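All values derive from a computational prediction rather than experimental measurement. FYI, side chains are in, hydrogens and waters are out, and symmetry mates aren't considered; it's all heavy atoms of this structure.
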Amino acid sequence: MCLGVPGQIIDVGEDSFQPAVVDVCGVQREVNISLICENNTTDLLGKWVLVHVGFAMSVIDEEEAKQTLSALMTMSQLDHEVGDFAGLNKN
């Protein structure tokens, strides 16, 4: 399964063909914004976007971003707990 991850745009280039920098839970990555940039790149500063395979796919609101990040963290914790449980059953 492929997931998009919410991130906040913290830096942009002069045009949509230059990568923007997105912060996802404190980790910063360059992403392509050409699919979402309609006007001036600076209009995207501070916006939340859904990132998939290095591309910002859509602009989302902050509440949706935070809910999605929370759900992803919960899934990660659940995966860890299931992995621990599966390890116990191997004996």
Side-chain angles (χ1 to χ4, degrees):
M1 177 185 345
C2 297
L3 295 174
V5 178
Q8 188 173 32
I9 296 178
I10 59 171
D11 192 26
V12 293
E14 293 180 17
D15 61 47
S16 65
F17 299 108
Q18 295 177 337
V21 178
V22 173
D23 183 286
V24 178
C25 297
V27 177
Q28 298 177 1
R29 296 282 188 255
E30 288 187 345
V31 298
N32 184 306
I33 57 170
S34 62
L35 297 173
I36 62 163
C37 188
E38 296 176 1
N39 297 311
N40 192 337
T41 57
T42 58
D43 293 343
L44 292 172
L45 285 172
K47 299 283 185 180
W48 287 87
V49 294
L50 197 58
V51 179
H52 178 66
V53 293
F55 287 85
M57 303 300 289
S58 62
V59 176
I60 59 176
D61 66 50
E62 184 175 2
E63 183 61 30
E64 180 181 0
K66 289 181 178 183
Q67 289 175 356
T68 303
L69 286 171
S70 177
L72 290 172
M73 287 191 280
T74 300
M75 288 171 49
S76 174
Q77 291 170 356
L78 179 62
D79 184 46
H80 176 72
E81 291 174 11
V82 170
D84 288 347
F85 179 75
L88 292 174
N89 290 331
K90 290 182 181 179
N91 294 329

message = Checking Asn39 now: which residues fulfil side chain to side chain contact (heavy atoms under 4.5 Å, CB included) with it, not counting sequence neighbours?
response = Asp43
task = Check Ser34 against Asn32 and note the closest heavy-atom contact, atom names and distance.
result = OG-OD1, 2.6 Å
key: Co-membership, hydrophobic cluster, residues Val31 and Leu45, 4.5 Å side-chain   = yes
note = Nearest heavy-atom contact between Trp48 and Ala65 is CE3-CB, 3.3 Å
query = Where is the tightest heavy-atom contact between Ile33 and Ala56, given as atom of each residue plus distance?
reply = CG2-CB, 4.3 Å
query = Taking only residues two or more places apart in sequence, or in another chain, which ones meet Glu38 in a side-chain hydrogen bond (donor to acceptor under 3.5 Å, both in side chains)?
reply = none
request  = Quick one: pull up CG in Asp11 and OG1 in Thr41 and give me the separation to the nearest 0.5 Å.
outcome  = 9.0 Å
query = Can you list every salt bridge (charged side-chain N to carboxylate O under 4.0 Å, His left out) pair that touches residues 49-58, not counting sequence neighbours?
reply = none
task = List for me each residue that meets side-chain hydrogen bond (donor to acceptor under 3.5 Å, both in side chains) alongside Ser70, sequence neighbours excluded, and say none if there are none.
result = none
message = How long is the straight-line distance from CD of Gln67 back to CG of Leu72, given to the nearest 0.5 Å?
response = 12.0 Å
remark   = By salt bridge (charged side-chain N to carboxylate O under 4.0 Å, His left out), Glu62 pairs with (sequence neighbours left out) Lys66
key: With sequence neighbours excluded, residues passing side-chain hydrogen bond (donor to acceptor under 3.5 Å, both in side chains) with Ser58   = none
Can you give me every donor-acceptor pair (side chain of residues 15-24, partner residue at least two apart or in another chain, under 3.5 Å) with its distance?
from  : atom 1 : to    : atom 2 : distance (Å)
Asp15 : OD1    : Phe17 : N      : 2.8
Asp15 : OD1    : Gln18 : N      : 3.2
Gln18 : OE1    : Glu14 : N      : 2.5
Asp23 : OD1    : Gly26 : N      : 3.0

inquiry  = For Cys37 versus Leu44, what's the shortest heavy-atom pair and its separation?
reply    = CB-CD1, 4.0 Å
